[in-house]
Undergrad: 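Okay, here's the structure, questions in a sec.
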Amino acid sequence: MSDKIKIELKAVTKAFGSNRVLDELYLSVPEGKSLVVIGGSGTGKSVMIKCILGLIPPDSGSIMIDGAESTGQNHKIRAEFMKKFGMLFQGAALFDSLKIWENVAFGLIHGHGMCKKEAREIAIEKIKAVGLKEQVANLYPAELSGGMQKRVGLARAVAISPDIIFFDEPTTGLDPIMAEVINELIVEQVKGLGATALSITHDMGSVRKIADYVAMIHGGKIIWKGAVGDLDHSGNEYVDQFIHGRSDGPITRRLA
Amino acid sequence: MIQEAGNNIKTINSISLILDLFAYIGGSIFAFLSAVGRLANFTGRSVKHCFTPPFFPSQLLRQLIDIGYYSLPVVGMTTLFTGMVLALQSYTGFSRFNAEGAVAGVVVLSITRELAPVLAGLMVSGRVGAAIAAEIATMRVTEQIDALRTLSVNPFKYLIAPRVIAATLMLPILVLIGDIIGIFGGYLVGVYSLGFSSASFISQTWDMLEYMDVVSGLMKAAVFGFIVAIMGCYHGFNSARGAQGVGAATTNAVVSSSILILIFNYLLTQIFFS
């Protein structure tokens with residue numbers, strides 16, 4: 001793999017009222033690598049990923065995708081950036097009114113102008129690739145379990161063969177076995193596509209499975225970044241407390 | 001000395017109270033203007049996306065059926081019984097002045113000009129406006145709208161434009177059918193309950209009816225359909241998180257569209273008939 005930087009955030013700041021969620025955050029993701037951002041609830045992980053996707057505009061700072069500035073661009077240029085992205089949402093975010101194959105084929109048909117027949121074939125291929133039976137294609141999201149919905153969400157995220165895939169808490173709410181299955185599928189799909197992956201999660205099992213690099217966000221900044229192998233001897237007390245789930249340490253949580 | 005200090009404190013308290021009142025009034029006016037600005041911006045963007053490609057014909061067809069076809073029973077029942085009640089009530093009133101012959105005219109004018117468009121608008125607001133707000137708010141809460149964006153689809157084009165076009169087109173059709181059913185309701189009561197002859201009721205109805213009576217009602221209906229869709233979409237799209245947010249979006253959509261329908265009904269009547 002090259003050392004080219006695929007995603008680069010420079011001094012990205014985002015506040016909601018007086019709450020400064022991202023505070024001059026710097027982060028870079030090398031091409032073809034999987035970076036996982038860890039951090040407590042409410043530390044700005046989701047806001048960061050939504051800023052990169054263009055769903056929330058940052059207040060200031062720069063977000064570069066493939067060396068090109070993505071913030072403050074018009075809809076046409078933004079749409080071109082979007083075509084590079086795939087996203088697995090925390091709750092899968094499948095469209096209730098559409099069948100499973102239509103959900104998976106949605107980006108191909110509406111985003112890339114592919115004909116329905118061809119898109120359906122690719123959708124069914126992706127549905128099988130995430131371990132679901134072909135018959136599932138004609139069901140509606142409400143007829144599937146949480147784990148199956150996550151698999152469909154993954155199939156939808158990879159259906160357009162994106163350059164960059166984002167995973168928002170991919171294993172939240174799943175039992176340990178299903179979480180492991182989803183992690184394996186993520187690794188398989190990301191490696192298969194040769195894509196760059198940026199994930200956010202609390203699940204340390206997931207981190208160790210899918211990450212090449214890990215970064216920790218706290219107080220709106222990245223306070224540590226390193227290879228996944230360095231996680232257990234990071235020398236950072238915040239990281240140590242987080243990965244071991246200790247209640248005592250520098251990360252204090254106001255309970256009331 | 002102590003009394004003077006006490007008086008000063010009272011004066012300061014009074015001034016502070018007045019300033020708080022002004023701050024509250026100013027804050028409310030600012031919040032209102034800000035909400036009007038947001039709504040105007042949303043409406044402008046929605047209208048723009050109704051006329052610019054890409055279009056989603058399958059979504060439009062679905063909305064035409066949902067808003068038009070499935071609202072037909074509600075609108076039909078409402079106008080049928082309104083026409084029937086109108087015939088009964090106007091007969092009771094006019095019989096005091098020996099003017100029973102005006103019943104057919106009152107029914108046809110009231111239904112076509114006012115009752116069919118307004119009642120259909122209000123009923124569709126309750127049925128369709130609430131459903132639009134709830135569906136879009138749920139999509140917002142469950143990140144489906146974000147998912148649309150990540151799949152390179154503009155939610156204004158996919159969600160808002162088909163609903164706005166469908167409601168604006170279908171409400172006049174519903175009102176036209178409601179006109180016919182409402183007048184038929186008046187005819188049923190007039191002929192079978194009040195003893196009018198069928199021929200005279202029909203001829204009085206026909207003589208009284210003018211082209212503009214129906215057209216004005218249909219134009220009102222188009223405006224009301226637009227209002228219902230825009231308010232449903234606006235409140236759904238800007239819904240707060242959680243079940244409470246979805247509930248509030250639904251309530252706000254129905255209440256605001258109902259009030260706007262009544263306000264615009266007055267304004268349009270003033271334009272058409274003053």
Side-chain angles (χ1 to χ4, degrees), chain A residues 16 46-47 49-57 74-98 102-114 116 119 123 141-142 149 152-153 156-160 162 164-169, chain B residues 27 31 34 41 44-46 48-49 52-67 70 131-163 166 236-243 245-246:
Chain A
F16 296 98
S46 291
V47 172
I49 225 168
K50 285 183 178 179
C51 283
I52 300 170
L53 282 162
L55 301 175
I56 298 175
N74 62 31
H75 287 296
K76 209 172 175 181
I77 297 173
R78 266 250 65 94
E80 289 307 311
F81 280 114
M82 283 298 190
K83 286 180 181 170
K84 297 180 178 185
F85 299 156
M87 168 84 182
L88 172 59
F89 287 86
Q90 190 175 345
L94 302 179
F95 305 126
D96 303 322
S97 58
L98 301 181
E102 291 172 319
N103 264 282
V104 177
F106 195 90
L108 294 168
I109 296 170
H110 300 298
H112 291 253
M114 191 180 281
K116 252 186 170 179
Q149 287 189 15
V152 176
R156 185 175 70 180
V158 299
I160 59 164
I164 304 168
I165 313 177
F166 299 90
F167 299 99
D168 183 359
E169 312 270 5
Chain B
S34 164
N41 181 31
R45 286 176 72 188
S46 303
K48 182 190 138 196
H49 287 295
T52 51
F55 301 109
F56 292 93
S58 60
Q59 282 296 304
L60 179 61
L61 183 66
R62 192 189 138 205
Q63 294 305 324
L64 287 171
I65 293 167
D66 267 5
I67 295 171
Y70 289 119
I132 289 174
E135 187 179 1
I136 295 180
T138 305
M139 290 184 76
R140 162 70 69 202
V141 170
T142 56
E143 297 185 305
Q144 290 178 51
I145 292 179
D146 287 343
L148 274 177
R149 288 205 171 109
T150 63
L151 293 163
S152 305
V153 172
N154 187 331
F156 270 83
K157 292 192 187 298
Y158 187 77
L159 293 175
I160 314 290
R163 284 165 173 79
F237 207 78
N238 294 293
S239 159
R241 298 274 167 190
V246 177

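Proteins come first, then strands; the chains are lettered A, B, ... in the order of their sequence lines, and each starts at number 1.
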Undergrad: Do A/Asp96 and B/Gln144 come within less than 4.5 Å of each other through their side chains, counting heavy atoms only?
TA: yes

Undergrad: Ignoring hydrogens, what is the shortest heavy-atom contact between A/Ala93 and B/Ala147? Give both atom names and the distance.
TA: O-CB, 3.8 Å

Undergrad: Checking B/Ile145 against chain A: side chain, backbone, both or neither under 4.5 Å from a heavy atom?
TA: neither

Undergrad: Under 4.5 Å between any side-chain heavy atoms of B/Thr150 and A/Phe166, yes or no?
TA: no

Undergrad: Would you mind checking which part of A/Leu98 comes under 4.5 Å of any heavy atom in chain B, side chain (CB onward), backbone (N, CA, C, O), both or neither?
TA: side chain

Undergrad: Which of the residues A/Arg78, A/His110, A/His112, A/Lys83 is involved in the greatest number of heavy-atom pairs with chain B at under 4.5 angstrom?
TA: A/His110

Undergrad: Using the side-chain contact (heavy atoms from CB on, under 4.5 Å) rule, take A/Phe95 and B/Tyr158 through it: C-alpha gap first, then chi angles, then the decisive distance, then the call.
TA: CA-CA 12 Å; A/Phe95 305 126; B/Tyr158 187 77; 5.8 Å; no

Undergrad: Sort out for me which of A/Asp168, A/Leu108, A/Leu53, A/Leu94 touches chain B most, counting heavy-atom pairs under 4.5 Å.
TA: A/Leu94

Undergrad: Any idea which of B/Asn154, B/Thr138, B/Leu148 has the most non-hydrogen atom pairs under 4.5 angstrom with chain A?
TA: B/Leu148

Undergrad: How many angstroms lie between atom OG of A/Ser97 and atom CZ of B/Arg62, to the nearest 0.5 angstrom?
TA: 4.5 Å

Undergrad: Please look at B/Thr142 and chain A and tell me whether the side chain, the backbone, both or neither of the residue comes under 4.5 angstrom of a heavy atom of that chain.
TA: backbone

Undergrad: For the OG atom of B/Ser58 and the CD atom of A/Glu102, what is their distance to the nearest 0.5 Å?
TA: 8.5 Å

Undergrad: Which atom names give the shortest non-hydrogen contact between A/Gly111 and B/Ser152, and what distance separates them?
TA: CA-CB, 3.9 Å

Undergrad: Got B/Glu143 and A/Lys50 here, is their nearest side-chain heavy-atom distance under 4.5 Å?
TA: yes

